[in-house]
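Have a look at the structure below, then the notes.
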Amino acid sequence: METANQNIYPITRKVNKNGNIEIGGCDLIELANKYSTPLYVYDEATIRSITKSYKDAFKSYPNINMMFAAKAFMTKAICKIMEEEGFGLDLCSGGEIYTAKSSGFDMSKTLFNGNNKSFDELNLAIESGVRTISVDNFFELALLNNIAKSSNKTVRILLRITPGIECHTHEYIQTGHLDSKFGFDLTQLDEAIELIKDEYTNLNLVGLHAHIGSQIFEKKVYFDEVDVIFKEIKRIRDKYSITLSEINLGGGLGIKYTESDKPISIYEIAETIIESVEKHAKEYNIESPLIFIEPGRSIVGTSGVTLYTAGSSKQVPKGRKYQAVDGGMSDNARPSLYQAKYTVEIANNPNGEANEKVTIAGRHCESGDILAKDIMLPEIEEGDTICFYTTGAYGYSMSSNYNRVLKPAAVLVNNGKSDIIINRQTYEQLCESDVIPDKFI
Ligand code: LLP
């Protein structure tokens, strides 16, 4: 069965009677006028369709817990949706823990991971009631044990491992290969376990965690990941008589940015994981462990679009045509960082003939600030609303104030209603943290 991550468009996208694109029953031109641009628009129905697909696809395996990898898009409203959908949260910073907690999220459904968690962040995680901490390295094992000991607590932990699996995705977003900054190498696992057993008695090791990469289109890597983890679980049981009952497989399922992307469905990935877990559990005589998955991109990526307003344009004599928009690498760093490609439409002219080759340039003082290179679109007029699809993941969450450009607003649309979920930043907020030392006054 097809799932929403296999389409470029949010599930409610259509062209309305005004000839404009509509998402969640809201006319994009009206949204651009009401909230101004650049604007992130999130389709609630698409997010919920994806979370429902995940739940449905894994329903034959009762011991499953889904967590949303908040790094893909973290706001209090998203926490609310995840809570309603029965998802937990995979958090990777003090800021994400704070956001989840202040949204009222049930912290007993959260995990904290990351390769260099600070003393303060680990403390915050423990105080906030984060359920499990995925420990990444020896330094953190010692630090966390000290923190737990001084507050007389026992902390549930997973060990993050590097499973040695390479997947075909951009080098920057591969994480499971051996030469990675994340996790324990498999050859270091025994030393970690012995430390926990003999010295770090305030840590309660409950399982293993791995994440093989992001924007993954292959099923086989998940089968292999389960294989590597189960082999370790069996080895640890046989050698130390320790039963590890939790396995966290990370996230990674890909989405469709352009026609050439062919992501697999949520059902296919679920089938592969369940098949591999059941096969290995039987083979090694391991009781069905509690499986965690923590997808980010596939949950929010397809639901989000970014709207820009077309401004100046430039035809280079005998060269490219550049069309500038009012945003760029500060609201979406992915094109300049990963050469990421997107599908683009003119929201007020979606059906026009795409007969002009154009390069959509951002507004930043940097030649590399190009949002889409050499794409075919109908001729763009000044003031047109340009819609970039599939920007819902790692767009707003990687936004910056480069050039002191304000961070955009985000709205959630559903059934013809739009609700602001992130206010546009103001100039006052922009300068809020600036301090002029007394000597200048
Ligand atoms: N779990 C862990 C431990 C992770 O590091 C990540 C993503 C996820 C889960 C979620 O993976 P997802 O389902 O979203 O693929 N900024 C990059 C993506 C970086 C992903 C980092 N880790 C991009 O824009 O493509």
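Read the numbers this way: they start at 1 and go in the same order the structure lists the ligands and their atoms. Bear in mind that the values here come from a model prediction, so they are computed numbers and not experimental data.
In the vicinity of Gly252, heavy-atom distances shorter than 4.0 Å reach the ligand 1 atoms 11 (O), 12 (P), 13 (O), 15 (O). Against a heavy-atom cut-off of under 4.0 Å, Arg160 is close to the following atoms of ligand 1: 3 (C). Residue contact check: Ala69 has heavy atoms under 4.0 Å from atoms 8 (C), 9 (C), 10 (C) of ligand 1. Near Met398, the atoms of ligand 1 lying under 4.0 angstrom from a non-hydrogen atom of the residue are 16 (N), 24 (O). Near Asp90, meaning under 4.0 Å from one of its heavy atoms, ligand 1 places the atoms 1 (N), 9 (C).
Looking at Glu294 next to ligand 1, an N or O pair under 3.5 Å apart turns up. In terms of N/O distances under 3.5 Å, ligand 1 is approached by Ser214. By the 3.5 Å distance cut-off applied to N or O atoms, Ala72 is not counted among the residues near ligand 1.
Outside the 6.0 Å centre-distance limit, the rings of Tyr389 and Tyr342 are not counted as a close aromatic pair.
Looking at Met67, His211, Lys71, Arg297, it is His211 that brings a heavy atom closest to atom 11 (O) of ligand 1.
Asp238 has no carboxylate O lying under 4.0 Å from a charged side-chain N of Arg235, or vice versa, which leaves the two without a salt bridge. Comment: Lys109 does not engage Glu83 in a salt bridge, judged by the lack of any side-chain N to carboxylate O separation of less than 4.0 angstrom. For Lys321 and Asp374, the salt-bridge test fails: no basic side-chain N is under 4.0 Å from an acidic carboxylate O. With salt bridges taken as basic N to acidic carboxylate O contacts below 4.0 Å, one links Glu345 and Arg13.
With values rounded to the nearest 0.5 angstrom, Lys117 atom NZ is found 11.5 Å from Ser93 atom OG.
Side chains of Thr391 and Thr306: a donor on one and an acceptor on the other come within 3.5 Å.
Not a single heavy atom of Ala393 sits less than 4.0 Å from an atom of ligand 1. Heavy-atom separations between Pro295 and ligand 1 include at least one value shorter than 4.0 Å.
At a 4.0 Å heavy-atom cut-off, ligand 1 does not touch Phe182 at all. With a 4.0 Å cut-off on non-hydrogen atoms, Asn113 touches ligand 1 through its side chain and not its backbone.
Judged as a salt bridge (Lys or Arg N to Asp or Glu O under 4.0 Å), the pairs with a partner in residues 274-283 (not counting sequence neighbours) are, in order, Lys279-Glu283.
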Quiz: residues 200-207 side-chain donor-acceptor pairs under 3.5 angstrom, not counting sequence neighbours:
{"from": "Asn202", "atom 1": "ND2", "to": "Lys153", "atom 2": "O", "distance (Å)": "2.9"}

